[in-house]
Amino acid sequence: MSAGTEGEHTSRGAGVSRQPAPHHKHPPYVTVAVWLLIVTIAEVIWALLPINDLIMVPILLIMMALKALGVVGWYMHLKSDSRVFTYLASGPFLISVGLIIVLFTLFGGFAERFF
Amino acid sequence: MAQTFTPRGHGAAHPPTSLGLDMRKLGMWAFLGSESLFFATLITNFFVNRSSERADYCNGLTYADLAIGLTSVGAFILLMSSLTMVLALAALRDGNRRMYRTWIVSTALLGTSFLCIQIYEFTEFALHGKGMSSNNFGAAFFALTGFHGTHVLIGVIWLFSLLFLRVGHNVKRPLEYVVGGQAGLRTHREPTDGGAGIPVELCGLYWHFVDLVWVFIFTLIYLLPMDDPCGEAHEALSAVSHLTVL
């Protein structure tokens, strides 16, 4: 990319112009917030129910993942932003998950009890 | 031939990378990636160390002591703060500085509320002699939630500092840049505020990350069931009883 200023850009940029936009269309932030809220309430209610851990834990983890996707996808704009940011975010995340599994196995976390 | 440019202000000082992306955003995402490894280690530390010897565990902080009701309110507050943060950025991109400041202040106040809840929770534990050194569970719990709380505090300071910075003052109205003579042709899907909102966007990314970490902590630490070696009927009953804290 050339590093010209906005003034340069409007005055001598061939074929380049600046014009007011009608209005920005933003993602449905409030709708996402409502969904996050609903999932959070569902999570808490689900955790309070006297259900077998084998059923409770996976559902809780799924709801957690849904909330995380909502925050990352819409609020952090990964859904609409450049793919490079998605790769930058998902790489360390996958390493983190691997780290948790490896350390957990190493220190006998699975042997103790997880589910 | 399509031309690209760097807007004045912050953009001029920080030219985009060869990928056509703002290097400050790239740097922030890389930083957040390293932070996620930090938190992953602390979460693992919690799971590995949460089971102490029975006597040690029962005399210190236990899973039954965690206030799920109060923490749920904290989780709700952080989620709402993420909404106000993203609305602040949207207002800035729309050129509405008044609403931008309102949403930023709201976000900072919500963050402060979350911190107040966490301080209250920590103080209650400490007053009952269930501090960080009471057992392994307490050590791992305070390390993880305290580290997260520190991040929230830094975020709140950052948010308040945005009010004193001349952020986005060159955004008088929403602008759409037309590159190469064709409307809508841009090299990447960057916001069309000429880069003036980048400082706010960086702060927003950090704030959303703090919220994201709490999404994980809330479920993994507070909601996932845990064996109760002390024989307390903590699961549903204690969770409901802790709602009385409110």
Side-chain angles (χ1 to χ4, degrees), chain A residues 1-9 13-21 23-24 26 29-30 32-33 36-37 40 43-44 47-50 53 56-57 60-61 63-64 67-68 71-72 74-76 80-82 84-85 88-89 91-93 95-97 99-100 103-104 107 109 112-114, chain B residues 3-8 12 15-16 19-21 25-26 29-30 32-34 36-37 40-41 43-44 47-48 51 68 72 75-76 79-80 82-83 86-87 90 93-94 173-181 187-189 192 194 205 208 211-212 215-216 219 223-225 227 235-236 239-240:
Chain A
M1 272 193 172
S2 65
T5 64
E6 189 179 336
E8 290 168 347
H9 159 68
V16 183
S17 62
R18 191 186 75 172
Q19 64 186 39
H23 205 73
H24 289 198
H26 298 295
Y29 295 132
V30 177
V32 174
L36 289 173
L37 192 60
T40 304
E43 248 188 335
V44 175
L48 296 179
L49 294 175
D53 292 355
M56 178 182 282
V57 174
L60 279 176
L61 294 179
M63 286 197 274
M64 179 187 76
K67 283 167 66 181
V71 172
V72 170
W74 278 273
Y75 288 170
M76 296 176 93
S80 57
D81 224 333
S82 168
V84 176
F85 297 129
L88 258 180
F93 176 76
I95 295 172
S96 301
V97 172
L99 185 75
I100 289 174
L103 287 178
F104 213 58
F107 289 101
E112 175 217 337
R113 176 184 170 276
F114 188 59
Chain B
Q3 291 192 10
T4 57
F5 63 93
T6 302
R8 68 188 171 197
L19 293 168
L21 303 170
K25 269 180 79 174
L26 278 176
W29 274 107
L32 295 181
S34 69
S36 69
L37 291 171
T41 311
I43 288 171
T44 311
F47 277 109
V48 169
S51 301
I68 294 177
S72 302
F76 166 75
L79 281 176
M80 289 305 103
S82 260
L83 172 65
V86 84
L87 288 177
R93 285 176 179 169
D94 287 341
R173 57 182 177 175
L175 299 173
E176 182 71 44
Y177 289 99
V178 184
V179 182
T187 52
H188 53 85
R189 287 170 286 181
T192 53
L205 282 175
H208 298 312
D211 179 32
L212 180 68
V215 165
F216 287 104
T219 304
L223 297 184
L224 277 193
D227 278 340
E235 290 192 355
V240 172

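No hydrogens, no waters, no symmetry mates; every other heavy atom, side chains included, goes into these values. To find a chain, count down the sequence lines: A is the first, B the second, and so on, and within it residues start at 1.
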Heavy atoms only: give me the nearest [X]-[Y] pair and the separation to one decimal.
{"X": "A:S96", "Y": "B:A40", "result": "CB-CB, 3.5 Å"}
{"X": "A:F93", "Y": "B:S36", "result": "N-OG, 4.4 Å"}
{"X": "B:P225", "Y": "A:L60", "result": "CD-CD1, 4.5 Å"}

Which atoms of B:S72 come close to chain A, meaning under 4.5 Å heavy atom to heavy atom: side chain ones, backbone ones, both, or neither?
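Contact with chain A: side chain only.
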
CG-CG distance between A:L61 and B:L224, expressed to the nearest 0.5 angstrom
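So the gap between those two atoms works out to 5.5 Å.
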
Working to the nearest 0.5 angstrom, can you tell me the gap between B:L205 CG and A:D81 CG?
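Atom-to-atom, B:L205:CG and A:D81:CG are 8.0 Å apart.
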
Partner residues of A:Y29 under the side chain to side chain contact (heavy atoms under 4.5 Å, CB included) criterion, sequence neighbours left out
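Expected list: A:H26, A:P27, A:Y75, A:H77, B:L83, B:V86, B:L87, B:A90.
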
A:T40: partners by side chain to side chain donor-acceptor pair (under 3.5 Å), with sequence neighbours left out
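Side chain to side chain donor-acceptor pair (under 3.5 Å) list for A:T40, sorted by chain: A:K67.
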
Is the closest side-chain heavy-atom distance between [X] and [Y] below 4.5 Å?
{"X": "B:L223", "Y": "A:M64", "value": "no"}
{"X": "A:E43", "Y": "B:T219", "value": "yes"}
{"X": "A:L103", "Y": "B:V48", "value": "no"}

Test side-chain contact (heavy atoms from CB on, under 4.5 Å) on B:L21 and A:F85; report intermediate values, then the result.
CA-CA 9 Å; B:L21 303 170; A:F85 297 129; 4.1 Å; yes

Please state whether the side chain, the backbone, both or neither of A:V30 comes within less than 4.5 Å of a heavy atom of chain B.
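Interface part for A:V30: both.
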
